[in-house]
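Input: a single structure, listed below in structure tokens.
First the proteins, then the strands, lettered A, B, ... as listed; each starts at 1. Side chains are part of it too, since the values below use all heavy atoms of this structure and drop only hydrogens, waters and symmetry mates.
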There are 2 protein chains.
Amino acid sequence: MAAAAKEAIENLWEEVRELSLGSTTTQIDHLSSPPSPLQFLRDYVSPNKPCLISNSITHWPALSLWSSTSYLQTTLSSSPVSLHLTPTGRADSLTPHPHSQPTSPPPSPPTLVFASAHVEKVQFSTALRMVSESNTTDTKCFAYLQEQNDCFRNEYCGLSQDCDDHIPWASEALGCLPEAVNLWIGSHLSVTSFHKDHYENIYAVITGEKRFLLLPPTDVHRMYVRQYPAAQYHFSEDTGDFTLKLEDPVRYVPWCSVDPYPSSEDKDKEMAQFPLYYNGPKPFEVTVKAGQVLYLPSMWFHHVSQRPDSRGLTIAVNYWYDMRFDIKYAYFNFLQSINYLSPSDSAFRREQMGSCSKVLTSNQGDESDMITYVQNGDTSGLYDDDDDDD
Amino acid sequence: MAAAAKEAIENLWEEVRELSLGSTTTQIDHLSSPPSPLQFLRDYVSPNKPCLISNSITHWPALSLWSSTSYLQTTLSSSPVSLHLTPTGRADSLTPHPHSQPTSPPPSPPTLVFASAHVEKVQFSTALRMVSESNTTDTKCFAYLQEQNDCFRNEYCGLSQDCDDHIPWASEALGCLPEAVNLWIGSHLSVTSFHKDHYENIYAVITGEKRFLLLPPTDVHRMYVRQYPAAQYHFSEDTGDFTLKLEDPVRYVPWCSVDPYPSSEDKDKEMAQFPLYYNGPKPFEVTVKAGQVLYLPSMWFHHVSQRPDSRGLTIAVNYWYDMRFDIKYAYFNFLQSINYLSPSDSAFRREQMGSCSKVLTSNQGDESDMITYVQNGDTSGLYDDDDDDD
């Protein structure tokens with residue numbers, strides 16, 4: 001039975017590629033013009049299949065205006081915006097926590113925590129300067145403008161005339177307007193770790209490039225989703241240093257364990273730890289250039305890095321449309337509940353699946369190094385995640 | 001692990017109902033007018049959800065013309081058509097075979113065979129008379145006009161002006177024209193047993209009523225799909241009797257084991273044998289009346305019975321559109337490959353899943369009572385079935 005589940009799951013990885021996504025390529029479809037609503041729904045949303053689309057937003061003033069830093073500064077100068085600060089560029093990602101040294105069960109205590117950025121409201125002009133300075137090699141503080149709370153229609157409403165309010169062919173296909181529109185301004189070091197969202201996502205790049213690694217929801221076991229204790233960075237302006245504090249009371253976040261770009265010294269260890277990712281089918285790869293749009297289907301795992309424009313900036317706007325929680329979602333939950341390995345296998349407990357959606361925390365307690373471990377396999381409430389992300 | 005699979009599968013039955021189909025009803029959506037192509041694709045095809053549609057074919061001449069037997073006789077009088085004859089009204093269904101008495105493994109030898117009708121080319125006027133006579137209580141020969149080989153555009157092309165060539169909103173939504181259009185003329189005793197098709201199906205009733213029992217593809221384990229040896233009825237005009245002959249060489253057909261309407265004396269036995277069907281969520285039920293159209297989504301298990309018009313006939317036309325073999329199909333195959341029970345369970349081998357699609361045979365060998373058993377769980381080639389059905 002255990003062997004059968006392993007084989008069935010691996011067959012699923014292959015079959016979804018053979019049937020729908022392409023088994024001999026890591027490329028996704030590239031449309032040279034926007035699809036009709038029917039084509040988009042039939043060929044991409046319904047089969048849950050990503051595509052890259054050119055010539056869909058060529059009329060947006062943003063494509064020329066936002067290359068001008070002075071335009072952005074003038075338009076938003078005094079607007080307070082939410083700046084995300086980390087010591088690495090990697091917010092909402094797994095980070096070693098120096099004080100987590102549990103001595104009791106479970107058998108595989110996490111040495112990593114799910115670290116969220118220090119978020120501070122600053123004037124846009126200051127924020128933009130700090131993101132730009134993140135490109136210098138001697139910085140210890142990396143800034144990323146990436147508040148995922150419909151910020152483009154709130155904090156950045158001064159820029160709203162520069163883009164369409166929604167993506168017409170997507171809105172018509174999906175039968176609704178976007179639930180949230182978010183602006184992203186990052187540097188070449190801004191990275192978003194593997195996760196999935198419960199939204200249909202239309203991702204438009206304005207300046208610079210974004211590079212996505214994509215895995216279909218059927219590959220969930222390859223992401224090694226585990227429960228990590230939530231922690232938050234705190235930045236001291238006085239010292240210019242970060243401290244990483246565990247949330248109190250403790251909160252666990254199911255998150256993908258795989259870093260697809262480990263350092264060369266970590267690579268062997270990572271490959272040994274996550275063989276299903278490294279030895280399985282390669283992720284789909286797509287570079288979204290300025291003026292292009294990515295359809296990132298709901299529930300797809302994605303990792304995002306970026307190449308900046310000549311100023312050192314990558315700017316993007318994404319539109320989150322409500323997904324449909326239908327038979328595909330029910331099938332996903334079923335798949336996720338099937339263990340790849342048997343209970344007798346020593347690795348079993350570490351393979352326990354959970355959800356893997358970004359959960360931004362607004363409350364933050366006092367510092368606490370106390371880690372209370374959730375029962376392995378306790379995934380209650382995982383389907384109720386707040387999903388916020390790119 | 002076995003318990004976990006059982007629980008996961010049962011959760012899936014519930015979740016797909018809670019999320020999408022409705023968990024407190026056995027009714028399906030009823031649209032009072034044809035959907036737009038986008039609505040049909042978004043709300044029904046993509047989520048793989050059935051619906052009943054009124055006022056979509058009111059302009060078809062068939063709705064008035066086909067109530068006249070003399071019109072049908074005149075239009076098709078000399079056309080040779082394929083008449084399906086059985087001693088029960090149940091073609092393509094499981095039937096006890098008197099000569100199957102295997103003495104060797106497997107542990108659960110089938111005492112049932114998959115019986116196909118005796119098919120004979122006769123003039124339409126004769127065929128229609130024989131279907132009508134099937135309503136008399138003393139007949140030993142039940143006739144059903146139900147050749148599923150695009151017959152409406154071939155054998156019955158004389159009637160083609162009476163219906164649309166295709167269903168416009170479905171063709172636009174699905175991006176293609178029908179792969180096959182079939183005509184069905186049956187009596188109140190014509191029954192089609194539980195199975196599924198690899199087509200999106202638009203089913204239009206012209207006279208009489210059709211009653212469908214529907215289960216979503218996620219309920220595959222509840223259908224007890226097993227391999228049955230194929231057999232064929234042979235009707236002797238001389239004696240007026242049927243003989244049931246096993247195919248030679250032997251051929252196995254994966255078919256649903258559940259009869260939802262067992263006789264009162266068989267009911268307890270059936271309920272004990274198929275508890276997942278009888279104790280699980282009730283099937284969706286829909287009666288399609290003359291002038292109404294059913295969207296029967298691909299991969300849904302369906303059982304069809306009928307109530308005739310005043311002449312004793314039920315006439316319907318169905319349109320088969322190619323389905324998309326996408327992530328939903330891959331998920332289905334994965335689900336089907338997961339055993340509900342563990343290998344150690346005595347019932348396990350009988351639970352082995354296969355496909356469950358009607359396979360009409362054209363070749364037929366000499367009589368043979370030799371039954372060679374396929375290996376339990378050998379489902380190779382199941383995904384390549386020819387699918388023919390209502």
With a 4.5 angstrom heavy-atom cut-off, is it the side chain or the backbone of [X] that approaches chain A, or both, or neither?
X      : result
B/P216 : neither
B/E172 : both
B/I9   : both

Practice prompt. Return yes if some donor-acceptor pair links the side-chain N/O of B/R324 with the main-chain N/O of A/S20 below 3.5 Å, else return no.
Written response: no
Practice prompt. Could you tell me whether A/D165 atom CG has more than 12 heavy atoms of other residues or ligands within 6.0 Å of it?
Written response: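 No, because the 6.0 Å sphere around CG of A/D165 holds 12 heavy atoms or fewer from other groups.
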Worksheet item: Pick from B/V45, B/L21, B/D43: which one has the most heavy-atom pairs with chain A under 4.5 Å?
Response: B/D43
Discussion item. Can you tell me which of B/N48, B/T218, B/N11 forms the most heavy-atom pairs within a distance under 4.5 Å of chain A?
Written reply: B/T218
Discussion item. Restricting to non-hydrogen atoms, name the atom on B/K328 and the atom on A/Y331 that form the minimum distance, rounded to 0.1 Å.
Written reply: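 Shortest heavy-atom contact: O-CE1, 3.9 Å.
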Worksheet entry | Minimal non-hydrogen separation, B/I327 against A/P217, with atom names | CD1-CG, 4.1 Å
Discussion item. Less than 4.5 Å apart, side chain to side chain, heavy atoms only: is that true for B/E15 and A/Y329?
Written reply: yes
Fill in: Worked check of side chain to side chain contact (heavy atoms under 4.5 Å, CB included) between B/L19 and A/D326
CA-CA 6 Å; B/L19 290 172; A/D326 60 15; over 6 Å; no
